[in-house]
Amino acid sequence: MSSPPSISRVETARGIVHAATRSQLQAYQPWREAFARSFTRLRKDARYYAIVEDAILQGFDYCYLVVGDSSGAVLAIQPFFVLNQDILQGAGRLSQSFAAKVRNLFPRFLTLRTLMVGCAAGEGHLESSDAQLGADITAALHQALPTIAKSFRAGMIVFKEFPAAYRTAMSGLSANGYTRVPSLPMVRLSIDYASFDDYVAKALSKNTRKNLRRKFRDAEEGGPIDLQVVEDITPHLPEAYPLYLNVYSRSQLHFEKLTPEYLSQLGRQMPDKVRFFLWRRDGKLVAFSLCMLQGDSLYDEYLGLDYAVALDLHLYFYTLRDIIQWAISHGFKWYVSSALNYDPKLHLRCHLAPLDLYVTHRSRIANFILRRVLPKLEPTRNDKVLQQFPNYADVWGTP
């Protein structure tokens, strides 16, 4: 998008909110510090959003909301993007099958032009960890977004996948026209142990310990699997990217699709935040994982596997062991993993890290319908394993 619509500047009771392109923000100090000055120095800072905008296209129009107070000081810069969103994307197979038949006649059935506040490749964050300041930012956005969405010809407005820690700051949304529903949660695992073996011995059940040892023994019978950890994956992309596509094509739920440029630029522009784990057997790459670093937590973001050997070698568990062992040896206390594949994570004693969607529509009639339909379409209701996690109630309630 060359420039945002001129109308996308709104005065609110909390100050002025206006939309800007990244090129308009490049020389702007608050943008260079965005998401890097908060209490955890978020791993996905301004550099990350620039990489996503340049490398993950998919018809997304990227832009940024600048929230300023009455004196003109910048409170926050909140990225957003505009797309045509299938509201049945996370629904069950029956709903999707019905929609597919209708779309043979009406291609845009239940596909809405949507303004999404947050990140196209990852969870969203407010640019403040302070609950009161977060509430002020949210209140300003709440008042300004209908006008800004209209200028972008978007009917639906979504705050995409914000961690449950923001629920207090964002409560003004769900109390005033927005519907809060869960997205598929990430998981967290305490790894405050002396080693991976120490974690297995102290945290896991006897059956799980026995099962893991058998998997690791089977994997190593055919020869060693060598691990390499690098900051820049560019030299390995011809081998690595097809492995990512293998996993992507098998997933039932898709949103963003990574590109080779995205993977390359991450390591080159953010070497302080990124590590790529590469596993080779007989010199051939059989798995890789993209991980990011934030405080005392290691985030396991994306996985690539060679399915010709992945199941026989139990590569999912093998790679997980090596990542956790590396994290422990480098002083990390938490392992955080992206959504899906919940069954092994349950047995490894992970806990859910809930993510929330806040959804509204500029049309009162459409929003009336959405508030009643969305809880029946949200994706967590279709995954029975999630309900077995000890903190499943946090997905809807207050952690």
Side-chain angles (χ1 to χ4, degrees), residues 121-122 184 186-187 189 191 196-197 199-200 204 207-230 232-260 262-264 266-267 274-292 298-328 335-350 383-386:
L184 289 171
M186 298 190 294
V187 300
L189 175 68
I191 53 173
F196 181 82
D197 289 339
Y199 149 71
V200 170
L204 303 185
N207 286 339
T208 302
R209 294 197 300 268
K210 181 179 179 181
N211 191 30
L212 283 178
R213 291 178 182 127
R214 177 183 59 79
K215 292 179 186 299
F216 298 148
R217 185 174 60 250
D218 291 347
E220 293 167 352
E221 280 183 354
I225 302 174
D226 300 316
L227 170 65
Q228 181 184 12
V229 183
V230 300
D232 183 7
I233 199 174
T234 305
H236 310 280
L237 272 176
E239 292 179 280
Y241 189 65
L243 301 188
Y244 162 74
L245 292 180
N246 289 344
V247 175
Y248 177 86
S249 64
R250 286 197 172 203
S251 175
Q252 295 181 2
L253 293 176
H254 294 146
F255 190 80
E256 77 279 10
K257 183 178 182 180
L258 306 186
T259 63
Y262 166 89
L263 295 171
S264 177
L266 269 186
V274 175
R275 296 293 183 274
F276 292 96
F277 292 73
L278 307 168
W279 290 268
R280 294 183 182 276
R281 187 169 184 254
D282 297 327
K284 180 184 178 184
L285 191 69
V286 294
F288 89 94
S289 182
L290 160 59
C291 295
M292 299 190 73
L298 180 142
Y299 284 72
D300 196 349
E301 305 272 357
Y302 297 99
L303 179 68
L305 294 172
D306 178 357
Y307 280 110
V309 297
L311 300 181
D312 291 338
L313 298 179
H314 309 289
L315 284 182
Y316 175 82
F317 295 95
Y318 199 95
T319 60
L320 183 66
R321 180 196 66 179
D322 285 356
I323 291 172
I324 291 177
Q325 180 57 51
W326 184 92
I328 292 173
Y335 168 83
V336 186
S337 177
S338 54
L340 301 177
N341 201 23
Y342 291 111
D343 186 69
K345 297 170 183 176
L346 173 67
H347 290 92
L348 292 171
R349 300 295 175 89
C350 295
D383 194 319
K384 302 301 182 184
V385 177
L386 281 176

| field | Donor-acceptor contact present, side-chain Glu301 to main-chain Leu290, <3.5 Å | value |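 Not confirmed, Glu301 side chain does not pair with Leu290 backbone.
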| message | Given 3.5 Å as the limit, does a donor-acceptor pair link the side chain of Ser264 with the main chain of Pro260, or not? | response |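 No; judged by distance alone, with no hydrogens or angles, the pair does not exist.
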| Step by step, would you call Leu313 with Tyr318 a side-chain contact (heavy atoms from CB on, under 4.5 Å)? | CA-CA 8 Å; Leu313 298 179; Tyr318 199 95; over 6 Å; no
| request: With side-chain contact (heavy atoms from CB on, under 4.5 Å) as the test, would you mind laying out the steps for Ile233 and Val274 before giving the verdict? | output: CA-CA 10 Å; Ile233 199 174; Val274 175; over 6 Å; no
From [X] [atom1] over to [Y] [atom2], what is the distance, rounded to the nearest 0.5 angstrom?
X      : Y      : atom1 : atom2 : result
Leu204 : His347 : CG    : NE2   : 10.5 Å
Thr208 : Arg349 : OG1   : CZ    : 6.5 Å
Asp300 : Leu298 : CG    : CG    : 7.0 Å
Leu227 : Thr319 : CG    : OG1   : 10.0 Å
Asn341 : Arg250 : CG    : CZ    : 12.0 Å
Cys291 : Ile323 : SG    : CD1   : 4.0 Å

Do the side chains of [Y] and [X] get nearer than 4.5 Å, heavy atoms only?
X      : Y      : result
Ile225 : Asp322 : no
Asn211 : Phe317 : no
Leu212 : His314 : no
Asn246 : Leu305 : no
Glu256 : Tyr262 : no
Lys215 : Arg321 : no

Considering all heavy atoms of both residues, which atom of [X] and which atom of [Y] are nearest to each other, and what is their separation?
X      : Y      : result
Tyr241 : Leu263 : CD1-CD1, 3.9 Å
Gly304 : Val247 : CA-CG2, 3.9 Å
Pro242 : Leu237 : CD-O, 3.9 Å
Ser337 : Lys345 : OG-NZ, 3.1 Å

| message | Whether Arg213 engages the ring of Phe216 as a cation-pi pair (distance to the six-membered ring centre under 6.0 angstrom, angle to the ring normal within 45°) should be assessed. | response | no
| message | Walk me through whether Phe277 and Trp326 qualify under ring pair (Phe, Tyr, Trp, His ring centres under 6.0 Å). | response | CA-CA 10 Å; Phe277 292 73; Trp326 184 92; 5.3 Å; yes
| query | Salt bridge or not for Lys284 and Asp306, using N-O below 4.0 Å? | reply |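 Asp306 and Lys284: salt-bridged.
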| Relative to each other, are the rings of Phe288 and Phe276 parallel, tilted or perpendicular (30° and 60° limits)? |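 Tilted.
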| request: Classify the angle between the aromatic ring planes of Tyr248 and Tyr244 as parallel (below 30°), tilted (30 to 60°) or perpendicular (above 60°). | output: tilted
| said: Walk me through whether Tyr342 and Cys350 qualify under side-chain contact (heavy atoms from CB on, under 4.5 Å). | reply: CA-CA 9 Å; Tyr342 291 111; Cys350 295; over 6 Å; no
| task | Test side-chain contact (heavy atoms from CB on, under 4.5 Å) on Ile324 and Leu189 and set out the steps. | result | CA-CA 10 Å; Ile324 291 177; Leu189 175 68; 4.0 Å; yes
